Asks: 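To start, I am sharing the structure in question, which I have written as structure tokens.
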Amino acid sequence: MPELAEVEYFRKRWDRAVGRVVTAVEIHPRARCCADLPPAATRRALVGARLLRSEAAAKQMAFVFSGGAWLGVHLGMTGSLAELRPGETPGRHDHLVLRFRGGPDVAFRDPRMFGRLRLHAGPGEPAWWTGIAPAILSPAFRASDMADFLRRRARSPIKAVLLMQERFPGIGNWMADEVLWRAGFHPKAKAGAFGPLAVRRLRATLREVCRDALRVIGKDWSDPPDSWLFNHRWDKGGRCPRTRGPLSHVTIGGRTTCWSPRRQVLGAERR
DNA sequence: ATTCTTGTTGCATC
DNA sequence: AGATGCAACAAGAA
């Protein structure tokens, strides 16, 4: 599930613990997602430490503790962060539980275990955090860098390229489709075919979708309005909210892609 | 029963 | 060498 805005939503679910001190750390040691979370070292770093702040970037989160410990969270496909009710027993998919003095108890939950937790206990900031590409909503996300990237991936369909985290941090399957639909580009358009005008349009639409998603989904998971493709993409017989025409589905780069043939025409990218 | 999945990685192939 | 495509990971939902 989690893309940029969902990650921001889940980050806030643990925020009630900011300022509190960890009293216990429970790790499910055989879960794949905990492979980079050595139980003894994690306890040493976190128990007795205070949660100072949290950040979200791309599809990742960092929880920063006093004493210099960082807990990195990647939600994968089905991961989530939850707060346990007082006295609630963790479920079978709660692979990490943090208990704080005076509450709350919070859990990392992930049935499919595609997510990943990691610990940084040294000085400074971990490379897995500082190495994340510039956020799409930051000024450092420049059109020229984007154009270079598209040129280097010239023969790939634009849909597959938008999913590459090294340049489009936080974009996932539904956001990529939403961007291409709003901008009017065919998902199979070759990345190398994008002209200067199209690159600018793509960049502006990327930023618009990130802003909208953070405002609506990142806030409290409010239902997106029906004017978005989002609400129609999985409906059987769903129709394009702008053209009222039918929506099509096709697999690109191994991912289900939803698009509106009346709106997204090959060739529009050449400008 | 079968097929699907909003993510990422590693490997084979071009 | 770098780009591209695909299976694998695992569990639950439709």
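Keep in mind it's a predicted model, so treat the numbers as computed, not measured. As a basis for the values below, the full set of heavy atoms in this structure was taken, side chains included, without hydrogen atoms, waters or symmetry mates. Chain A is the first sequence line, chain B the second, and so forth, proteins listed ahead of strands; every chain is numbered from 1.
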Asks: Suppose you measure atom P in C/dC6 against the same atom in B/dC4; what distance do you get, rounded to whole Å?
Replies: 15 Å
Asks: Check this for me: does any side-chain nitrogen of one of A/Arg153 and A/Glu166 sit under 4.0 Å from a carboxylate oxygen of the other?
Replies: yes
Asks: Scan A/Arg13, A/Lys12, A/Arg16, A/Arg109 and name whichever one has a salt bridge (charged side-chain N to carboxylate O under 4.0 Å, His left out) with A/Glu83.
Replies: A/Arg16
Asks: By nearest nucleotide on DNA chain C, pick out whichever of A/Gly253 and A/Arg152 is the more 5' one.
Replies: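 It is A/Arg152, whose closest nucleotide lies nearer the 5' terminus.
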Asks: Is A/Gly254 touching bases, backbone alone, or none of the nucleic acid, heavy atoms closer than 4.0 Å?
Replies: nothing
Asks: Is the shortest side-chain N to carboxylate O distance from A/Arg99 to A/Glu26 below 4.0 Å?
Replies: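 A/Glu26 and A/Arg99: salt-bridged.
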Asks: Check whether any side-chain heavy atom of A/Leu150 lies under 4.5 Å from a side-chain heavy atom of A/Val161, and answer yes or no.
Replies: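 The answer is yes; the side chains approach within 4.5 Å.
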Asks: Give a yes/no answer on whether the side chain of A/Ser156 brings an N or O atom under 4.0 Å of OP1 or OP2 in C/dA3.
Replies: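 No, A/Ser156 has no side-chain N/O under 4.0 Å of OP1/OP2 on C/dA3.
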Asks: Can you see whether A/Trp129 has A/Arg118 sitting over its ring - NZ or CZ less than 6.0 Å from the centre and within 45° of the normal?
Replies: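 So A/Arg118 doesn't make the cation-pi contact.
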Asks: If I pick the P atom on C/dA7 and the same atom on B/dT3, what distance separates them, to the nearest angstrom?
Replies: 15 Å
Asks: Within 45° of the axis and under 6.0 Å from the centre of the six-membered ring of A/Trp228, does NZ or CZ of A/Arg182 qualify?
Replies: yes
Asks: Starting at NE2 of A/His95 and ending at C1' of C/dC9, how long is that distance when rounded to a whole Å?
Replies: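 About 13 Å, once rounded to whole Å.
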Asks: Please list, pair by pair, any protein nitrogen or oxygen found under 3.5 Å from a nitrogen or oxygen in nucleotides 8-14 of chain B.
Replies:
from: B/dT8; atom 1: OP1; to: A/His74; atom 2: NE2; distance (Å): 2.8
from: B/dT8; atom 1: OP2; to: A/Lys59; atom 2: NZ; distance (Å): 2.7

Asks: Would you tell me whether A/Ser54 and A/Arg11 have side-chain atoms, one donor and one acceptor, within less than 3.5 Å of each other?
Replies: yes
Asks: Which atom pairs link the protein and nucleotides 11-14 of chain C when you take only N or O atoms and keep those under 3.5 Å?
Replies:
from: C/dG12; atom 1: OP1; to: A/Arg92; atom 2: NH1; distance (Å): 2.9
from: C/dG12; atom 1: OP1; to: A/His93; atom 2: NE2; distance (Å): 2.8

Asks: Should A/Met175 and A/Phe149 be counted in the same cluster of Ile, Leu, Val, Met, Phe, Trp and Tyr side chains packed under 4.5 Å apart?
Replies: yes
Asks: Could you write out DNA chain B as dot-bracket? Rules: Watson-Crick or G-U wobble, both distances under 3.5 Å, brackets [ ] for crossings, | for pairs with another strand, dot for unpaired.
Replies: .||||.||||||||
Asks: Under 4.0 Å, heavy atoms only, any strand: does A/Ala176 hit a base, just the sugar-phosphate, or nothing?
Replies: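 The residue A/Ala176 makes no contact with any strand.
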Asks: Side-chain contact test, heavy atoms from C-beta onward, threshold under 4.5 Å: evaluate it for A/Leu75 versus A/Glu6 and give yes or no.
Replies: no
Asks: I want to check something: taking the side chain as every heavy atom from C-beta on, are A/Arg262 and A/Pro246 in contact at a cut-off of under 4.5 Å?
Replies: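 A/Arg262 reaches A/Pro246 side chain to side chain.
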